[in-house]
Enquirer: 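Sharing a structure with you now.
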Amino acid sequence: MKILLFGATGHLGKAIAAEALKQGYVLTAVVRNQQKATTLKQTIQCDTIIADVTQHTSLDHICSGFDIVISALGKSVSINDNSKPGFMDVDLTANTYILAEAMKATVKKFIYISAYHAERYPQLTYFHVHQQFAERLMRSGLDYTIIKPPALFSAFIDLFELAEKGRLINMGKGDKLTNPVYEGDVAEACINAIKQDVSTIEIGGPEILSRKQINEIIQEVIAPGKKIRTIPLGLVKNMLPLLKLFNRNLFDKLAFFVEVMQHDTIAPKLGQLQLKEYVERKR
């Protein structure tokens, strides 16, 4: 079977690509430009299509000839990502363009990587767009699987540099629990879903950790002699209204971080790799 993969150059996308090839599928990855294609092919041996997913015209008939469409497409939550398109542009609008083309091509299945408990936080752009697209996919008439991790290990890579410099910060008490999951475990679930009759897969990692414990694991591995500082969560909250006036993308990211710091977010323990081992591999 032939797979068309969107979002292939991100950490999760690369893991999905590797797993698809490992399981013997024929893979084509959609990338934004030639430079992205060249970089991807250094580690993933697959065909590529160059297209701007934010422009519907560049996606015309892009799904024709493919059996499976997988979208790991989404705007990065990294503070270091300064790209102009926002969550609405990428996670909702672009994925909706892709879905329209998949429907025209009558693909056999559409697999989408969403976010765990996205339906609970409609006031936050990050969760709202994930849920909105998931609902559009469910109404599409296509066979589908929606995969919902609470957080990927790769989302914490930005913290490695902060830990190295002794700038790692806990927001508030850091006592809320979650079980982030290795992107390779999510990728395996994604490719396995091709042959499974399942509409939703909620997948978390094997360990339930507090936000504070996550930082402590990273600090211990990266630079164990340096301290983690704490700032009041209310201080960050008070910054948000002003930030919204000047930088909507950064506001949406920080609003997301502030919200998840206030709730337990624990998904079924389907992943295998533990966070400390991941950090040791990636450092």
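On a predicted model such as this, the values are computed, not experimentally measured, just so you know.
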Enquirer: Which donor-acceptor pairs under 3.5 Å do the side chains of residues 2-26 make with protein atoms, sequence neighbours left out?
Expert:
unit_1	atom_1	unit_2	atom_2	d
E19	OE2	Q23	NE2	2.8
Q23	NE2	N192	OD1	3.0

Enquirer: Rounded to the nearest 0.5 Å, what separates atom SG in C63 from atom CD1 in I68?
Expert: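 Rounded to the nearest 0.5 Å, the SG-CD1 separation comes out at 11.5 Å.
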Enquirer: Can you give me the closest heavy-atom contact between V69 and A102, atom names plus distance?
Expert: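 Reported closest heavy-atom pair: CG2-CB, 4.3 Å.
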Enquirer: Run the ring-ring contact (aromatic ring centres under 6.0 Å, His included) test against Y97 and tell me which residues pass, sequence neighbours left out.
Expert: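 Result, ring-ring contact (aromatic ring centres under 6.0 Å, His included) vs Y97: H56.
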Enquirer: Between atom CD1 of I62 and atom NZ of K104, what is the distance when rounded to the nearest 0.5 Å?
Expert: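 One finds 11.0 Å between CD1 of I62 and NZ of K104.
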Enquirer: When you look at NZ of K226, are more than 12 heavy atoms from neighbouring residues, nucleotides or ligands closer to it than 6.0 Å?
Expert: yes
Enquirer: Under 3.5 Å, side chain of S58 to main-chain N/O of D52, donor-acceptor pair present?
Expert: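 Yes, S58 side chain to D52 backbone: donor-acceptor pair under 3.5 Å.
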Enquirer: Do any side-chain atoms of residues 133-140 form donor-acceptor pairs under 3.5 angstrom with protein atoms, and if so which ones, sequence neighbours left out?
Expert:
unit_1	atom_1	unit_2	atom_2	d
E135	OE2	Q131	NE2	3.1
R136	NH1	T96	OG1	2.9
S140	OG	L137	O	2.7
S140	OG	L142	N	3.1

Enquirer: Any luck finding a side-chain donor-acceptor pair between D158 and S78 under 3.5 Å?
Expert: yes
Enquirer: Look only at the side chain of Q219 and the backbone of A163, and say whether a donor-acceptor pair between them is shorter than 3.5 Å.
Expert: yes
Enquirer: Could you work out the complete set of other residues in the hydrophobic cluster of L177, with links drawn between I, L, V, M, F, W and Y side chains under 4.5 Å apart?
Expert: I208, I266
Enquirer: Would you check if P206 and Q274 make a side-chain contact, meaning some heavy-atom pair closer than 4.5 Å?
Expert: yes
Enquirer: Can you see which heavy atom on Y116 is nearest to which on T265, and at what distance?
Expert: CD2-CG2, 3.5 Å
Enquirer: Can you pull the side chain to side chain donor-acceptor pair (under 3.5 Å) pairs that have at least one residue in residues 245-259, sequence neighbours excluded?
Expert: D81-K253, T125-R248, T125-D252, R248-D252, E259-H263
Enquirer: Is there a side-chain contact between P150 and N179 in this structure, where contact means two heavy atoms from C-beta onward sitting under 4.5 Å apart?
Expert: yes
Enquirer: Are the side chain of S210 and the backbone N or O of K176 linked by a donor-acceptor pair below 3.5 Å?
Expert: no
Enquirer: Just do the side chain to side chain contact (heavy atoms under 4.5 Å, CB included) check on F127 and R120 with the steps written out, would you?
Expert: CA-CA 8 Å; F127 288 114; R120 294 190 180 184; over 6 Å; no
Enquirer: Hydrophobic cluster membership, with links at side-chain heavy-atom distances under 4.5 Å among I/L/V/M/F/W/Y: are F257 and L162 in one?
Expert: no
Enquirer: Would you say N215's side chain and I169's backbone share a donor-acceptor pair under 3.5 angstrom?
Expert: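 Between the backbone of I169 and the side chain of N215 there is a qualifying donor-acceptor contact (under 3.5 Å).
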Enquirer: Could you tell me whether K269 and E207 make a salt bridge, using a distance below 4.0 angstrom between a side-chain N and a carboxylate O?
Expert: no
Enquirer: I need the M261 CE to M171 CE distance, nearest 0.5 Å.
Expert: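 Going from the CE atom of M261 to the CE atom of M171 covers 4.0 Å.
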Enquirer: Side-chain donor-acceptor pairs under 3.5 Å in residues 39-51, sequence neighbours left out?
Expert:
unit_1	atom_1	unit_2	atom_2	d
T39	OG1	Q35	O	3.0
T43	OG1	L40	O	3.3
Q45	NE2	K41	O	2.7

Enquirer: Do L275 and F156 come within less than 4.5 Å of each other through their side chains, counting heavy atoms only?
Expert: yes
Enquirer: Can you see which heavy atom on L270 is nearest to which on I203, and at what distance?
Expert: CB-CG1, 3.7 Å
Enquirer: Could you check whether D89 and T54, counting side-chain N and O atoms only, form a donor-acceptor pair closer than 3.5 Å?
Expert: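 On atom types as modelled, these side chains do not qualify, holding no pair under 3.5 Å.
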Enquirer: Compare all side-chain heavy atoms of L243 with those of L254 and state whether any distance is below 4.5 angstrom.
Expert: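 A side-chain contact exists here, since the closest heavy-atom pair is under 4.5 Å.
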Enquirer: Could I get the full list of side-chain contact (heavy atoms from CB on, under 4.5 Å) partners for R283, not counting sequence neighbours?
Expert: V221, I222
Enquirer: Give a yes or no answer on whether the side chain of E101 reaches the backbone of H61 with a donor-acceptor pair at less than 3.5 Å.
Expert: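 Judged by distance alone, yes, a pair lies under 3.5 Å.
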Enquirer: For a side chain to side chain contact (heavy atoms under 4.5 Å, CB included) check, start with the C-alpha distance between K36 and N33, then their side-chain angles and the critical distance, and finish with the verdict.
Expert: CA-CA 5 Å; K36 293 279 188 181; N33 52 48; 3.1 Å; yes
Enquirer: Which pair of non-hydrogen atoms, one from I201 and one from A189, has the smallest distance, and what is that distance?
Expert: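 Closest pair (atom of I201, atom of A189, distance): CD1-O, 4.1 Å.
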Enquirer: Please say yes or no: joined through hydrophobic side-chain contacts below 4.5 Å, possibly via intermediate residues, are V258 and V129 part of one cluster?
Expert: yes
Enquirer: So do L152 and V181 actually touch side chain to side chain, heavy atoms under 4.5 Å?
Expert: yes
Enquirer: Do you know which two heavy atoms are closest between C190 and I113, and how far apart they sit?
Expert: SG-CD1, 4.2 Å
Enquirer: Which residues pass the side-chain contact (heavy atoms from CB on, under 4.5 Å) test with E161, not counting sequence neighbours?
Expert: K165
Enquirer: Under 4.5 Å between side-chain heavy atoms, counting indirect links through other Ile/Leu/Val/Met/Phe/Trp/Tyr residues: same cluster for I146 and M103 or not?
Expert: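 Same cluster.
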Enquirer: Go through the structure and list residues passing ring-ring contact (aromatic ring centres under 6.0 Å, His included) with F87, not counting sequence neighbours.
Expert: Y126
Enquirer: What heavy-atom pair brings D91 and G74 nearest, and what distance separates the two atoms?
Expert: OD2-CA, 3.3 Å
Enquirer: Which is it for Y112 and N95 under the side chain to side chain contact (heavy atoms under 4.5 Å, CB included) test, yes or no, and what are the steps along the way?
Expert: CA-CA 9 Å; Y112 171 57; N95 274 313; 3.8 Å; yes
Enquirer: Evaluate the side-chain proximity of T200 to E202: yes if any heavy-atom separation is below 4.5 Å, no if none is.
Expert: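 The answer is yes, as the side chains (C-beta and beyond) meet within the 4.5 Å cut-off.
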Enquirer: Check for a donor-acceptor pair, side chain of D185 on one end and backbone N or O of L273 on the other, with a separation under 3.5 Å.
Expert: yes
Enquirer: Going by heavy atoms in the side chains, are L209 and E216 under 4.5 Å from each other?
Expert: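 A side-chain contact under 4.5 Å is absent here.
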Enquirer: List, one per line, each side-chain donor-acceptor pair under 3.5 Å for residues 229-242, sequence neighbours excluded.
Expert:
unit_1	atom_1	unit_2	atom_2	d
K237	NZ	Q262	OE1	3.0
N238	ND2	G234	O	3.2

Enquirer: Dump the intermediate steps for side chain to side chain contact (heavy atoms under 4.5 Å, CB included) on L73 and I98, then the final yes or no.
Expert: CA-CA 10 Å; L73 182 68; I98 294 165; 3.7 Å; yes
Enquirer: My understanding is that only residues two or more places apart in sequence, or in another chain, count here; which of them pass ring-ring contact (aromatic ring centres under 6.0 Å, His included) with Y278?
Expert: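 Residues passing ring-ring contact (aromatic ring centres under 6.0 Å, His included) with Y278: F153, Y182.
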Enquirer: Hydrophobic clusters here meaning ILVMFWY residues chained together by side-chain heavy-atom distances under 4.5 Å, can you tell me if V198 and I70 are in one?
Expert: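 Hydrophobic grouping puts V198 with I70.
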Enquirer: As an exercise, state the distance from CZ of R211 to CG of D264, rounded to the nearest 0.5 Å.
Expert: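 That separation rounds to 8.5 Å.
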Enquirer: Please answer: with hydrophobic residues joined when any side-chain heavy atoms are less than 4.5 Å apart, are F251 and V90 in the same cluster?
Expert: yes
Enquirer: What pairs of residues pass the side chain to side chain donor-acceptor pair (under 3.5 Å) test when at least one of them lies in residues 141-155, not counting sequence neighbours?
Expert: K109-T145, E119-K148
